[in-house]
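Working notes, structure below.
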Amino acid sequence: MPNAGYPEAREAIAKKVSKEHQFRVFAENVVMTVGAAGGLNVAIKTVADRGDEIIVIRPYFAEYLFYCDNHDVTMVPVDCAPDFSLDVSLIKRSLTKKTAAVIINSPNNPTGRVYGRKELFDVAELLAAHGAEYGRIPYVIADEPYRDIVYDHARVPPIMDICPESIVVSSFSKTLSVPGERIGYVAVNPKAADAARLVEGMIMCNRTLGYVNAPALMQRAIAEMGESTVDVSAYERRRNALSKILDAVGIEYAKPEGAFYFFCKAPGGDDVAFAMHLKDRGVLAVPGEGFGYPGWFRLSYCVSEATIEASAPMFKKAMSEWSAS
Ligand SMILES: Cc1ncc(COP(=O)(O)O)c(C=O)c1O
């Protein structure tokens, strides 16, 4: 019979999440999953019925659309503010009686934004007020696989402490740089009104979605990992190196506070054409269109410093030929 996972792994995650969120979470609140991707699918299937709605913040991680589709749930994109922070008034306008959850991804892929405590408090308050009116408080699903990768003393606020009806989804794909091992988890806020039922639902969904359980060997490994993380200073050096290259050629971007992406303005406004132009000159970029945000493109600096340095002449060539064309 499948269960929520190896007890020592769940205990280790409960300890980790309790520390990160300054809030006591117990092993029985944790379900081990096949990465954050598996965790998001399990969380969505558990909290939403067919025809329900899930709000995501645009630009959004492209896969959310497919995850919602998997469960016949409508993804409702809500624009962020111009500085990529949360626009709570826009979230308010998009809530309906069918809203099952709001997915909050911080640090954000693709913008690198880390949302502040006040923004999250405002969202929690808004959802509680909505629940009081409609009899159903939408959950915050906090998608946090980049939580440990933050710069310049940024801190990801503790959503568990801020919002009782919250579910944290995360993984070790980025924190330990092991995306292929497919080890992640869902932690349900013990204060959520239906905490025990949510965990039961997630165990069932993990099984019926065909994951059954998270990879057993990796569950044993992460139980022994303590507080290990990747060396964030290596990402910080890469971020700084790439920002110098972008500054030198006049590409505008939002300086990442976390994760390992630059979200940049496409010169001329056509993100697909500009990404193709970069590709032909040796630089791989993802058009903003895929994140629901045309006119921008994403660069990843999850590559070696040598690769970043080697891209400088490519950007230079690409920009001079783009301006000339
Ligand atoms: C925002 C976001 N959520 C979830 C995931 C899925 O991560 P995992 O590899 O743990 O499934 C990713 C992976 O890139 C991501 O960027």
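No experiment lies behind these values; they were computed from the predicted model shown. First listed ligand is number 1; within each ligand, the first listed atom is number 1.
Results of the ring pair (Phe, Tyr, Trp, His ring centres under 6.0 Å) test with Phe262 over Tyr301, Trp296, Phe297 single out Tyr301 as the only residue that passes.
Atoms of ligand 1 lying under 4.0 Å from any heavy atom of Gly35, numbered from 1 in the order shown and given with element: 10 (O), 11 (O). Heavy-atom contacts of Ser173 reach the following atoms of ligand 1: 8 (P), 9 (O), 10 (O) (cutoff under 4.0 Å).
Here's the thing with Asn105: none of its N/O atoms is less than 3.5 angstrom from an N/O atom of ligand 1. Between Tyr146 and ligand 1, an N or O atom pair is found at a separation short of 3.5 Å.
A salt bridge does not link Glu200 with Arg197: none of the charged nitrogens is closer than 4.0 Å to a carboxylate oxygen. A salt bridge does not link Lys98 with Asp49: none of the charged nitrogens is closer than 4.0 Å to a carboxylate oxygen.
For Glu11, the CD atom counts as loosely surrounded, since its 6.0 Å shell holds 12 or fewer non-hydrogen atoms of other residues, nucleotides or ligands.
Contacts with ligand 1 closer than 4.0 Å are made by no heavy atom of Phe172, backbone or side chain. Only the side chain of Arg182 comes within 4.0 Å of ligand 1, counting heavy atoms alone; its backbone N, CA, C and O stay farther away. Of the heavy atoms in Ala36, both backbone and side-chain atoms come closer than 4.0 Å to ligand 1.
A donor-acceptor contact shorter than 3.5 Å links the side chain of Asn105 to the backbone of Asp143.
At the top of the distance list for atom 2 (C) of ligand 1, counting protein heavy atoms only, stands Asp143 OD2, 3.4 Å. From the protein, the heavy atom lying nearest to atom 13 (C) of ligand 1 is Lys174 NZ, 2.9 Å. Summary of contacts: the protein heavy atom closest to atom 12 (C) of ligand 1 is Phe61 CZ, 3.4 Å. For atom 6 (C) of ligand 1, the nearest non-hydrogen atom of the protein is Ala37 N, 3.8 Å.
Relative to the six-membered ring of Tyr151, Arg239 meets both conditions, a distance below 6.0 Å and an angle of at most 45° to the axis.
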Step by step, work out the side chain to side chain contact (heavy atoms under 4.5 Å, CB included) result for Val150 and Val114.
-> CA-CA 8 Å; Val150 285; Val114 173; 4.0 Å; yes
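Between Tyr235 and Tyr146, the distance from one ring center to the other does not fall under 6.0 angstrom.
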